[in-house]
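The structure under discussion appears below in the form of structure tokens.
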Amino acid sequence: MGWRKNRWAYAAVGGFVVVAAALGYWLSPRAPTPPAPSTSPVELSIAQSVGADFNGPLEELLRPFLEQHPEVRLSVRYDAHAREGSDGAARGPHLALRVSNGPATPGGVPLFASDYVVLAYNRDLVPEAPKTWRDIIAHGYTLKEKGTVPYGIVLAEEMHSLLPFFGDLFQAGGPGDTTREAFALLSDLRFKYGLTPGACLSECVVQVFKEGRAPFAVIGEWRLPELRSALGGKLGLTAIPALPGSGARVRPVQRVYALFRAGEAPKRELEAADALLRFVEKESASRLMATLGKAALQPVAASASAEELALAAASVDAVEVPEARVRAAEAALAPIWEQFATGRLSAEGAARSLVAAVSTPARN
């Protein structure tokens, strides 16, 4: 009988050990089980300050990124206030496409240049891009004398389109000899050769050039989509030639748009925003022209189209100036141009007036 008693004793002890081990396992502290990775979509939004009709093109530019990251959903909205701010913070939940504050673009990824002007030419009327203003005047004057066109060149008498001719406004010393030369050139185009129409604003320039009534036009890059649609392969583009006497560069004023990330957001959204910025920096430049109609800031490949090469050259030649200085230059030029364009001021008189306007401190 002893062995039976021992058997029950052994069984009781073994059972106790098993129960104690189980209780110890369940009651002992353990590291929490990590949660399963979230499968919910990541919602990103971009506020862009370019224009109300820019949402669709920007979404198209970023479509390959969304195809690579199916977990990300993206919305784009226009917000004029998105261009404000100086610290790189987006006016919106995640990202903002807005004007940068300088060439270095701290905190943002430069995307494209905007608001500069180029020289357009009609390939049906002019076989090759002109190299100099003498070429422009010779071609325009010949076609006008033949009766082929009523005008040799059209340019918008709007201050931003005219600023490239008055680059001295943005130099430390203010207007100088090149300002006088610029007024002389524009005076010759209007009064000596009769090549430009008077009081022709941006809409007028586009219409005259689309209808083939002038072989050349000084056009803001923001009007090029309309000209591409109307003229197709007839549209040629090049940088504005240097001034004919001094050879001084005609430098358009441009804004550089960059994509900035907001400072605060949940971790997954910040990671997705950073991934999108990397995509923009490395992979979007080759699609800018096709999707946005904008020239890339980076050097374009030799295989790029003639239009892309021309726009890239014009963009490189442009100067990025603080917006306050642009407004001041436009304000100084506007009343003087009004008198000059109607013949009440000579080129010399207009140049002196502009020097005086810029040199005299503004009074409150």
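Taken from CG in Leu163 to CD in Glu330, the straight-line distance is 5.0 Å, to the nearest 0.5 Å. Expressed to the nearest 0.5 Å, how far CG of Leu186 lies from CG of Leu195 amounts to 11.5 Å. Note that CG of Asp124 and CG of Leu235 are 11.0 Å apart. Values are rounded to the nearest 0.5 Å.
The backbone N or O of Gly245 lies less than 3.5 Å from a partner atom in the side chain of Glu181, making a donor-acceptor pair. With hydrogens and angles disregarded, a donor-acceptor distance shorter than 3.5 Å links the side chain of Ser49 to the backbone of Leu97. Panel note: side chain Arg261, backbone Ala273; no donor-acceptor pair is recorded below 3.5 Å. In this structure, the side chain of Asp135 engages the main chain of Thr132 through a donor-acceptor pair within 3.5 Å. Under the 3.5 Å distance criterion, the side-chain polar atoms of His94 are matched with a main-chain donor or acceptor of Ser45. At distances below 3.5 Å, at least one donor-acceptor pair connects side-chain atoms of Glu221 with backbone N or O atoms of Asp115. Between the side chain of Gln48 and the backbone N or O of Gly51 there is at least one donor-acceptor pair closer than 3.5 Å.
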message: Using the rule given for side chain to side chain contact (heavy atoms under 4.5 Å, CB included), can you reason through Phe166 versus Leu354, listing the C-alpha separation, both sets of side-chain angles and the distance that settles it, and then say yes or no?
response: CA-CA 10 Å; Phe166 302 99; Leu354 190 57; 4.1 Å; yes
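Residues Val154 and Cys204 have side chains not in contact (no heavy-atom distance under 4.5 Å, counting atoms from C-beta outward). A 4.5 Å side-chain heavy-atom check between Leu111 and Val280 finds at least one atom pair inside the cut-off. Here the side chains of Leu44 and Arg73 are not in contact, with every heavy-atom distance at 4.5 Å or above.
Evaluation of the salt bridge (Lys or Arg N to Asp or Glu O under 4.0 Å) test over residues 54-69, restricted to residues two or more places apart or in two chains, returns Glu60-Arg63, Glu60-Arg287, Arg63-Glu67.
For Lys234, the NZ atom counts as loosely surrounded, since its 6.0 Å shell holds 12 or fewer non-hydrogen atoms of other residues, nucleotides or ligands.
A pairwise comparison of heavy atoms in Val218 and Ser161 identifies CG1-O, 4.4 Å as the closest pair. Considering all non-hydrogen atoms of both residues, Val117 and Gly220 come closest at CG1-CA, 3.8 Å.
Between Arg268 and Glu71 there is no salt bridge, since none of the side-chain N atoms of the basic residue sits less than 4.0 Å from a carboxylate O of the acidic one. Using a 4.0 Å cut-off between a side-chain N of Lys or Arg and a carboxylate O of Asp or Glu, Arg223 and Glu226 qualify as a salt bridge.
Ring geometry, Phe112 versus Tyr257: the interplanar angle falls under 30°, so the pair is classed parallel (tilted spans 30 to 60°). Aromatic ring pairs are classed by plane angle as parallel below 30°, tilted from 30° to 60° and perpendicular above 60°; the pair Tyr121 and Phe216 is tilted.
With hydrogens and angles left out, the side-chain atoms of Gln207 and Glu203 include no donor and acceptor closer than 3.5 Å. For the 3.5 Å distance criterion, the side chains of Ser114 and Arg255 fail to qualify, holding no donor opposite an acceptor. Side-chain contact check for Ser100 and Glu320: at least one donor-acceptor pair (N or O, by modelled atom type) lies under 3.5 Å.
Stacking of Arg98 on the aromatic ring of Phe260 is recorded, both the 6.0 Å distance cut-off and the 45° axial limit being met.
Aromatic ring centres of Phe340 and Phe183: separated by under 6.0 Å.
Each of Tyr141, Trp133, Phe209 was scored for a side chain to side chain contact (heavy atoms under 4.5 Å, CB included) with Ile153, with one residue passing: Trp133.
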